[in-house]
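Reading through the structure tokens given below for one structure.
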Amino acid sequence: MGRLAGRAVLVTGGSRGIGRSCVELAAAEGARVAFTYRANTAAAEATTAAVRATGVECLALQADGTDRSQVQAAVQAVVEAFDRIDVLINNAGIIRDQLMVAMEPDDWDAVLATNLGGTFHFTQEVAQPMMLQKAGRIINLSSAAATQGGRGQANYAASKAAIEAFTRACAVELAPKGITVNAVAPGLIETDMSREVRSLAGDRIREEIALRRFGMPEEVARVVLFLASDEATYITGQVIHVDGGLRL
Ligand code: NDP
């Protein structure tokens, strides 16, 4: 019996990186797990196979978080499969880095639509079943970029700062329904998303991290899972930084 025994958990962007770690840790804690992905079917199949090999049910759903009808269908599929939805982890995200003055409007739109829009669509869709259950946990992935200036990330930083504001607003609205809403803000974590920045400026950035190393996906997932567990019943509207002491 794990800390999430019997719970139904949905992770957006759960096929790779931090999302995959959330899927695997939730499954190891006894949850029934579903995750979404956008296009990389091979990665989704690998994640599903890894979880099923541990004897736990795992549902992979191809659903673009920017498309409301696909989000609706994904949430419906989870509720049909598991009869409920206890935890939503809004993890799917992208970067399209460029200096603000040279940023293509399409790259602005894509980052806002994926990171912030996807978080809104999934939160709104799960709110209904969670309100009926009078219980639920929503955990949103923010970033150190939400609060620390960085070159080339105007779109990404804006999306993540908005996610933190969204988290607090939803926490207030949903608290009377028994639903908590929190965010986790990672620093630099070893995933596909950060590969380029790590290879271009890794040594310099490491110098700015108190622990002098990048984080691993499971170090973020463990905090996400804590917020989903019964150990976090009195926490809502908070942002927990998981960044090894970045720019302290
Ligand atoms: P990855 O790039 O490793 O994985 C991204 C995941 O999101 C994939 O599963 C991808 O699916 C999915 N995804 C992307 N766009 C969509 C979409 N439109 N619809 C559905 N799924 C989508 O990312 P990370 O694991 O590095 O990041 C996870 C979260 O953590 C993000 O929100 C990110 O902003 C945040 N974060 C990451 C940091 C880091 O250093 N890595 C630092 C701070 C925050 P597919 O493979 O099919 O495209």
Side-chain angles (χ1 to χ4, degrees), residues 10-25 34-48 60-75 88-97 107 109-122 125 139-148 150 153 155-164 166-167 183-202 205-206 208-209 213-221 223-224 239-244 246-247:
L10 171 60
V11 183
T12 72
S15 54
R16 293 189 285 119
I18 294 167
R20 176 174 171 156
S21 268
C22 291
V23 167
E24 291 181 329
L25 285 192
F35 70 86
T36 64
Y37 65 102
R38 188 182 59 85
N40 188 337
T41 307
E45 284 173 357
T47 301
T48 311
L61 301 160
Q62 187 167 18
D64 188 329
T66 66
D67 181 326
R68 184 58 179 241
S69 61
Q70 293 185 34
V71 171
Q72 224 159 19
V75 171
L88 167 68
I89 300 169
N90 276 312
N91 164 82
I94 57 168
I95 48 171
R96 294 276 188 281
D97 289 1
D107 287 340
D109 290 343
V111 168
L112 269 291
T114 304
N115 301 1
L116 181 59
T119 296
F120 164 66
H121 294 314
F122 271 101
E125 285 297 328
I139 300 113
N140 301 322
L141 266 292
S142 179
S143 165
T147 46
Q148 302 193 356
Q153 293 208 305
N155 50 1
Y156 184 73
S159 76
K160 294 300 186 177
I163 284 173
E164 294 190 2
F166 178 75
T167 298
V184 172
L188 213 79
I189 310 300
E190 292 194 22
T191 68
D192 296 340
M193 179 183 278
S194 65
R195 180 166 294 131
E196 193 176 330
V197 69
R198 280 185 287 117
S199 74
L200 290 176
I205 295 170
R206 240 190 302 264
E208 297 178 2
I209 302 170
R213 64 174 179 85
F214 304 127
M216 299 305 291
E218 55 271 24
E219 293 181 290
V220 179
V223 178
V224 172
V239 180
I240 300 186
H241 292 258
V242 184
D243 61 10
L246 178 67
R247 296 189 192 119

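Read the numbers this way: they start at 1 and go in the same order the structure lists the ligands and their atoms.
Under a 4.0 Å N-O distance rule, the pair Glu164/Lys160 does not qualify as a salt bridge.
Distance check, rounded to the nearest 0.5 Å: CG of Asp97 to OH of Tyr156 gives 9.0 Å. The structure places NE2 of His241 at 7.0 Å from OG of Ser142, a figure rounded to the nearest 0.5 Å. To the nearest 0.5 Å, the span separating CG on Asp243 from CD1 on Ile240 amounts to 12.0 Å. The distance from atom CG of Leu25 to atom CZ of Arg20, rounded to the nearest 0.5 Å, is 11.5 Å.
Among Arg16, His121, Arg195, the residue whose heavy atom lies nearest to atom 2 (O) of ligand 1 is Arg16. Considering each of Gly118, Gly187, Ala144, Ser143, the one bringing a non-hydrogen atom nearest atom 38 (C) of ligand 1 is Gly187. Remark: among candidates Cys22, Gly13, Ala63, the nearest residue to atom 20 (C) of ligand 1 is Ala63, based on non-hydrogen atoms. The residue from Val11, Asn91, Asp243 that puts a heavy atom closest to atom 31 (C) of ligand 1 is Asn91. Remark: among candidates Lys160, Glu190, Arg38, the nearest residue to atom 21 (N) of ligand 1 is Arg38, based on non-hydrogen atoms.
Checked against a 3.5 angstrom limit, the closest N/O atoms of Thr191 and ligand 1 fall inside it. The shortest N or O to N or O distance between Gly65 and ligand 1 is under 3.5 Å. Considering backbone and side-chain atoms together, Ile18 places an N or O closer than 3.5 Å to an N or O of ligand 1. At least one N/O-N/O distance between Ser15 and ligand 1 falls below 3.5 Å. Remark: ligand 1 and Leu141 share no N or O pair separated by less than 3.5 Å (distance only, no angle test). At least one N/O-N/O distance between Ile189 and ligand 1 falls below 3.5 Å.
Per-residue contacts place Ser194 under 4.0 angstrom from the following atoms of ligand 1 (heavy atoms of the residue considered): 40 (O). Those atoms of ligand 1 that come under 4.0 Å of a heavy atom in Asn40, given as number and element, are 45 (P), 46 (O), 47 (O). Residue contact check: Ala39 has heavy atoms under 4.0 Å from atoms 45 (P), 47 (O) of ligand 1. Every atom of ligand 1 with a heavy atom of Leu188 under 4.0 Å away is listed here by number and element: 40 (O). Per-residue contacts place Thr114 under 4.0 angstrom from the following atoms of ligand 1 (heavy atoms of the residue considered): 15 (N), 18 (N). Atoms of ligand 1 lying under 4.0 Å from any heavy atom of Ile94, numbered from 1 in the order shown and given with element: 14 (C), 15 (N).
Evaluation of the salt bridge (charged side-chain N to carboxylate O under 4.0 Å, His left out) rule for Glu219 yields Arg213 as partners, not counting sequence neighbours.
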Applying side-chain contact (heavy atoms from CB on, under 4.5 Å) to Ile95 and Glu196, what does each step give before you reach the verdict? CA-CA 11 Å; Ile95 48 171; Glu196 193 176 330; over 6 Å; no

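Checked against Asn90 for a side chain to side chain contact (heavy atoms under 4.5 Å, CB included), the options Leu141, Val11, Asn140, Leu10 give a single hit: Asn140. Only one option out of Ile139, Ile18, Ile89 pairs with Val184 in a side chain to side chain contact (heavy atoms under 4.5 Å, CB included); it is Ile139.
The shortest separation from a heavy atom of Phe214 to ligand 1 is not under 4.0 Å, leaving the residue out of contact. Contact between Ser142 and ligand 1 is present, with at least one heavy atom of the residue lying under 4.0 Å from the ligand. Under the 4.0 angstrom criterion for non-hydrogen atoms, Asp64 is in contact with ligand 1.
With contacts defined as side-chain heavy-atom distances shorter than 4.5 Å, the pair Arg16/Thr191 does not qualify. Side chains of Thr36 and Phe122 form a contact here, defined as non-hydrogen atoms less than 4.5 Å apart.
Every pair passing side-chain hydrogen bond (donor to acceptor under 3.5 Å, both in side chains) that includes a residue from residues 111-120 is listed here, sequence neighbours excluded: Asn115-Ser159.
The protein heavy atom nearest to atom 13 (N) of ligand 1 is Ala92 CB, 4.0 Å. Looking from atom 33 (C) of ligand 1 to the surrounding protein, the closest heavy atom is Tyr156 OH, 3.5 Å.
Remark: Arg68 is positioned above the aromatic ring of Phe120, its terminal NZ or CZ atom under 6.0 angstrom from the ring centre and at most 45 degrees off the axis.
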